[in-house]
Every structure is written in C-alpha cells, then in structure tokens.
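Keep in mind that the numbers below use all heavy atoms, side chains included, and drop hydrogens, waters and symmetry copies.
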Amino acid sequence: MSFIEGFFIGIAMIIFVGPVFFLLLNSSFQYGVKAGFSVAFGIIVSDVICVLLCYYGLSTFMTATQNQFWIGIIGSVILFGLGINYLLKKAVITNDISINSKKWTSFFIKGFSVNFFNPFVFIVWIAVFKYGHEKYSDSIAFLVFLTAVLTGILTIDLLKVFLSDKLKPFISPYRLKIFFRITGVVLLIFSFRLAYLVL
C-alpha cells in the first residue's frame, strides 16, 4: 500500500513544471535519448540526496534562512547562465552516437545542479518526508514509500524523454531555435523569481 501511494505521489510531481522540465526536453530534442537520460538521472540523484538529508535530520540545516539564501543565490546564478546559454545557443539536432561520455557527464551535472540548488525542491521533499513519516510508523513501510516516490518521479522523467524522442522527427532546426529562445526566457524568469524570493 505504501509503495502504491508513494508511486502515485511521485507521478503527481509532474504538476511542478520547473526549470528542470525545460532542460530535460531541450536536451532530449537536441542530443537525443541518452542526453535526456543523463539529465533525468542527475535530477533523481539530487532528489535522493534531498531524501537522505531529510532522513538524517539535516532538513533544518537546509531550510535555515541563511542557508536557503545561498542555495537560492547559487540556483539563481545557474538558471541565469543556462537561460543566456539557450538564448544564444545554435539549434543543431545531433545524433546520440556523436556525443561522447564527457558530454553525458555535463548533462548529468546540469540536471543535478538545476534541481539540487532549487530551494523549492527541498520544501517539497520535506513536506513529502513529513507526510510519509507521520503516516507510516513502520520504518520499512516508510522507506518503501520514499523509494516509491523516487521511482514515480524517475518514471515520469524517463517518459518525458521517450515522448520527446518520438516528437524529434517533427522538430526542425528552426522550431528548435524557437523552443531554445522560449526556454531561455523561461529560465531567466525562474532565475529572477528565485533571486527575488530569497532576497
């Protein structure tokens, strides 16, 4: 029962359309499935770390005003840099095979950093953690619940990658360029909003 509930909560996370959503789609559109997978795994690893921080009682450290300020500032700078990058980026659709392992690491780092340095991600995870902890007193059921939430999130992210791959034949360099510009503007808006909230 705890797995089913946790899994559906993870799937429900799709309603949070944040900067990682656009990063995931853009990476998949331009560089293919492997790039999308790398971003998705970066996202899920950062989520796992958030869960571990909550589990070991470090959530209060992460939500302290001063720490939230610096996390928010770092996140804002990362989003700003990515936003400018997408505004200036050339729309070239590349095959999976032509991207080396070093590039996959950069996609992983992007997915990890954009998700991890977003204070709202911590807030959501703290809420999920507290909900599960209060509902499932048994430690095993609680761990199953958290694992299921992570599984649901990863499932949705991988599904986005697969769907974007199916849409890739319909994406021309011109359309990709438009999507890049939209993504750049959205990321800049997220950047300014995050900076405004932490300041």
Side-chain angles (χ1 to χ4, degrees), residues 9-31 35-36 38-54 58-91 106-131 149-150 152-154 156-161 163-164 175-199:
I9 287 176
I11 290 177
M13 296 285 189
I14 196 173
I15 64 173
F16 297 109
V17 180
V20 288
F21 174 79
F22 293 94
L23 179 64
L24 188 67
L25 290 186
N26 274 301
S27 300
S28 302
F29 279 143
Q30 187 172 25
Y31 295 105
S38 298
V39 173
F41 285 121
I43 294 169
I44 202 66
V45 167
S46 70
D47 281 334
V48 169
I49 292 176
C50 289
V51 171
L52 290 174
L53 289 172
C54 291
L58 298 176
S59 57
T60 52
F61 172 80
M62 301 307 297
T63 53
T65 304
Q66 184 178 359
N67 299 329
Q68 282 283 293
F69 172 79
W70 288 112
I71 291 171
I73 291 298
I74 293 171
S76 179
V77 170
I78 292 172
L79 291 176
F80 182 82
L82 284 172
I84 295 297
N85 178 61
Y86 275 112
L87 285 176
L88 303 176
K89 197 179 182 91
K90 291 183 179 179
S106 71
F107 284 118
F108 176 89
I109 293 172
K110 283 180 183 178
F112 179 90
S113 57
V114 169
N115 196 59
F116 187 77
F117 290 105
N118 185 348
F120 301 106
V121 172
F122 283 101
I123 293 171
V124 170
W125 270 115
I126 290 169
V128 170
F129 187 90
K130 286 182 177 179
Y131 170 80
V149 175
L150 291 166
I153 292 171
L154 182 60
I156 286 297
D157 284 344
L158 294 181
L159 186 61
K160 291 174 190 173
V161 174
L163 289 176
S164 63
R175 289 173 180 169
L176 188 61
K177 182 180 179 181
I178 297 299
F179 195 47
F180 278 172
R181 301 301 176 265
I182 293 172
T183 301
V185 171
V186 169
L187 290 176
L188 288 176
I189 290 172
F190 275 117
S191 171
F192 294 137
R193 179 173 178 268
L194 183 55
Y196 172 76
L197 290 173
V198 296
L199 289 173

Which atom names give the shortest non-hydrogen contact between [X] and [Y], and what distance separates them?
{"X": "Ser164", "Y": "Leu25", "value": "CB-CD2, 4.1 Å"}
{"X": "Ala40", "Y": "Leu154", "value": "O-CD1, 4.4 Å"}
{"X": "Ile153", "Y": "Gly10", "value": "CG1-O, 3.6 Å"}

Legend entry - Ile182 side, atom CD1; Ile178 side, atom CD1 - distance, nearest 0.5 Å: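 Answer for the CD1-CD1 pair, Ile182 versus Ile178, is 7.0 Å.
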Legend entry - CA sep, side-chain torsions, deciding dist, call: Asp47, Ile44, side-chain contact (heavy atoms from CB on, under 4.5 Å): CA-CA 5 Å; Asp47 281 334; Ile44 202 66; 4.2 Å; yes
Inset, instruction - Could you tell me whether a side-chain N or O of Ser27 sits under 3.5 Å from a main-chain N or O of Leu24, the two making a donor and an acceptor? - result: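 A pair under 3.5 Å: no.
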Legend entry - Side chain Asn115, main chain Gly111, donor-acceptor under 3.5 Å: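 No, because the side chain of Asn115 does not come within donor-acceptor range (under 3.5 Å) of the backbone of Gly111.
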Validation row: [X], [Y] side chains within 4.5 angstrom (heavy atoms):
{"X": "Lys160", "Y": "Asp157", "result": "yes"}
{"X": "Val149", "Y": "Trp125", "result": "yes"}
{"X": "Val39", "Y": "Phe108", "result": "no"}

Inset, instruction - Give the intermediate values and the outcome of side-chain contact (heavy atoms from CB on, under 4.5 Å) for residues Phe122 and Leu53. - result: CA-CA 9 Å; Phe122 283 101; Leu53 289 172; 3.7 Å; yes
Legend entry - side-chain contact (heavy atoms from CB on, under 4.5 Å) between Cys50 and Val121, worked out: CA-CA 8 Å; Cys50 289; Val121 172; 4.1 Å; yes
Legend entry - Full working for side-chain contact (heavy atoms from CB on, under 4.5 Å) between Ile49 and Phe112: CA-CA 10 Å; Ile49 292 176; Phe112 179 90; 3.5 Å; yes
Inset, instruction - Verify the ring-centre separation between Phe41 and Phe107: is it less than 6.0 angstrom? - result: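 Aromatic pair excluded; centres sit 6.0 Å or further apart.
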